[in-house]
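Everything on this sheet refers to the single structure shown next.
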Amino acid sequence: MEDLQLILKKEPKYRLKQVKEAVYRDLIGNWDFALTLPLSLRKQLNEKLPLEIKAEIFDSRDQKTTKALIELQDGNKIETVLMRYSEKRNTVCVSSQVGCPLSCTFCATGKMGLIRNLTADEIVNQVLLFGRIMKKEEDKVTNIVFMGMGEPFLNYDEVIKAIKILHDPEGMNLGIRHFSLSTSGITEGIEKFALEKMEVNLAISLHSPTQELREKLMPIAKKYHLTELFKAIQSYQKITRRKVMFEYLMLQDLNDSMDQALQLSKLLRGLSCMVNLIPYNETGVYKASSTQAINNFRRILEDNYIEVAQRYRFGEDIKAACGQLAIRKKG
Ligand code: SF4
């Protein structure tokens with residue numbers, strides 16, 4: 001944006017609007033297609049701010065999921081995924097970091113460590129890439145979830161900046177309630193986010209009803225104790241009055257027992273929330289819970305008046321499913 005403003009410095013004010021329309025609405029991949037702009041400006045933009053996004057694309061067998069391996073300008077690579085839920089809902093799962101420092105034991109990205117934070121532009125580009133793909137299908141991106149590589153609250157400012165760019169009515173104009181952000185439980189991030197007064201959905205990766213098991217699954221839980229996490233969630237809800245989603249990965253014989261379902265029900269009692277039970281996509285460490293175990297777990301939560309959703313498996317065959325994003329070396 002700063003580079004763009006510099007280039008447009010001597011141009012009339014309406015140029016910025018024209019540029020935004022070309023990039024975010026017409027979803028052009030080359031400035032030559034921005035026909036509302038003068039030729040000389042198009043040339044200058046192509047030289048200084050090319051719109052090309054380098055990516056390898058992989059489609060799942062059922063065509064519902066597309067994964068993009070995007071090469072950033074410094075050569076680093078990130079993965080981002082499009083999920084076609086229905087005719088009206090096409091969700092992009094964006095990454096907020098190259099790798100992730102948090103080392104959750106069930107997650108392929110965590111094994112990479114953190115390489116660096118992404119800039120807001122690099123986050124927005126993930127959505128633009130799929131916007132361009134959807135346009136060819138005469139469709140569009142409708143929802144964004146920050147559930148790809150990285151912990152969004154460890155790259156707070158750039159994530160918020162990206163949401164504002166994608167929500168901008170002069171740009172892509174994505175409805176603010178169509179954004180969801182998932183955190184591993186960074187309490188200061190949750191508290192800060194509450195004050196943004198943005199109606200973005202907040203999801204918490206919980207995966208365990210007890211501190212002890214949570215620490216084993218997510219080492220970051222040692223820093224952000226379950227008690228502190230729930231205090232932060234309560235104060236978030238006091239300010240925003242928004243429902244929170246808890247993500248719960250179903251891991252065989254680890255967190256899927258009837259007792260644990262009861263413990264979870266107790267932990268969540270009284271909170272405005274929903275639990276998303278996620279079938280585990282094996283990354284070699286744990287085993288996935290059986291359908292029977294998931295159904296039993298679900299029933300106990302529902303018997304205790306906890307709202308439950310069960311996530312559909314997306315893109316397992318192209319390693320685009322939850323927890324599977326990681327850059328693999330060739331060969
Ligand atoms: S699950 Fe999320 S927070 Fe945990 S290591 Fe993976 S990307 Fe990072």
Side-chain angles (χ1 to χ4, degrees), residues 67-70 72 76-81 83 91-118 122-123 126 144-156 158-159 162 179-190 192-193 200-208 211 213-226 228-229 232-233 244-251 254-255 275-286 288-289 311 313-316 319-328:
K67 180 171 85 173
L69 180 61
I70 297 180
L72 305 170
N76 274 312
K77 289 183 178 171
I78 50 164
E79 294 188 335
T80 177
V81 180
M83 292 159 290
T91 300
V92 180
C93 177
V94 294
S95 293
S96 53
Q97 299 182 305
V98 186
C100 180
L102 298 191
S103 314
C104 298
T105 51
F106 48 79
C107 171
T109 308
K111 292 191 178 65
M112 292 172 63
L114 175 70
I115 296 171
R116 70 168 173 86
N117 279 339
L118 292 177
E122 287 168 334
I123 297 171
Q126 298 170 50
I144 309 294
V145 295
F146 284 83
M147 295 183 187
M149 304 169 89
E151 161 56 57
F153 282 159
L154 293 183
N155 187 16
Y156 191 93
E158 295 301 302
V159 164
F179 289 84
S180 300
L181 192 150
S182 170
T183 177
S184 56
I186 310 285
T187 54
E188 57 266 28
I190 296 171
K192 202 168 163 192
F193 194 52
V200 168
N201 303 306
L202 179 67
I204 313 282
S205 295
L206 191 61
H207 311 313
S208 161
Q211 174 65 18
L213 176 59
R214 200 161 183 270
E215 279 184 20
K216 278 190 194 143
L217 298 173
M218 309 170 75
I220 190 68
K222 289 183 195 137
K223 184 170 177 195
Y224 300 101
H225 197 278
L226 213 49
E228 296 308 312
L229 173 61
I233 294 168
V244 165
M245 161 101 82
F246 289 100
E247 292 171 291
Y248 199 98
L249 213 47
M250 296 299 292
L251 304 168
L254 252 186
N255 68 356
V275 176
N276 190 7
L277 298 179
I278 309 168
Y280 183 54
N281 302 295
E282 297 188 3
T283 53
V285 187
Y286 303 118
S289 300
R311 195 182 284 179
R313 280 178 199 264
F314 270 96
E316 249 184 304
K319 295 256 182 276
C322 239
Q324 288 185 318
L325 297 187
I327 308 304
R328 273 158 216 89

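Every number for a ligand or one of its atoms is a count from 1 in the order of the listing. Position 1 is the first residue of the sequence; numbering continues from there.
- Here the rule is side-chain contact (heavy atoms from CB on, under 4.5 Å) with R214, and of I220, L226, N255 only L226 fits it.
- To the nearest 0.5 Å, atom CD1 of residue I78 and atom CE of residue M149 are 7.5 Å apart.
- Closest heavy-atom approach to atom 2 (Fe) of ligand 1 among the candidates S205, G110, S184, G150: G150.
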Show me the donor-acceptor pairs within less than 3.5 Å that the side chains of residues 101-108 make with the rest of the protein, sequence neighbours left out.
residue, atom, partner, partner atom, Å
T105, OG1, L217, O, 3.0
T105, OG1, Y286, OH, 2.8

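- With a cut-off of 2.8 Å, atom 4 (Fe) of ligand 1 has an N, O or S atom of C104 in range.
- Taking CG of L213 as the reference point, atom CG of L251 lies at 8.0 Å (rounded to 0.5 Å).
- For atom 6 (Fe) of ligand 1, the set of nearby N, O or S atoms under 2.8 Å includes none belonging to C100.
- Residue contact check: C107 has heavy atoms under 4.0 Å from atoms 1 (S), 5 (S), 6 (Fe), 7 (S) of ligand 1.
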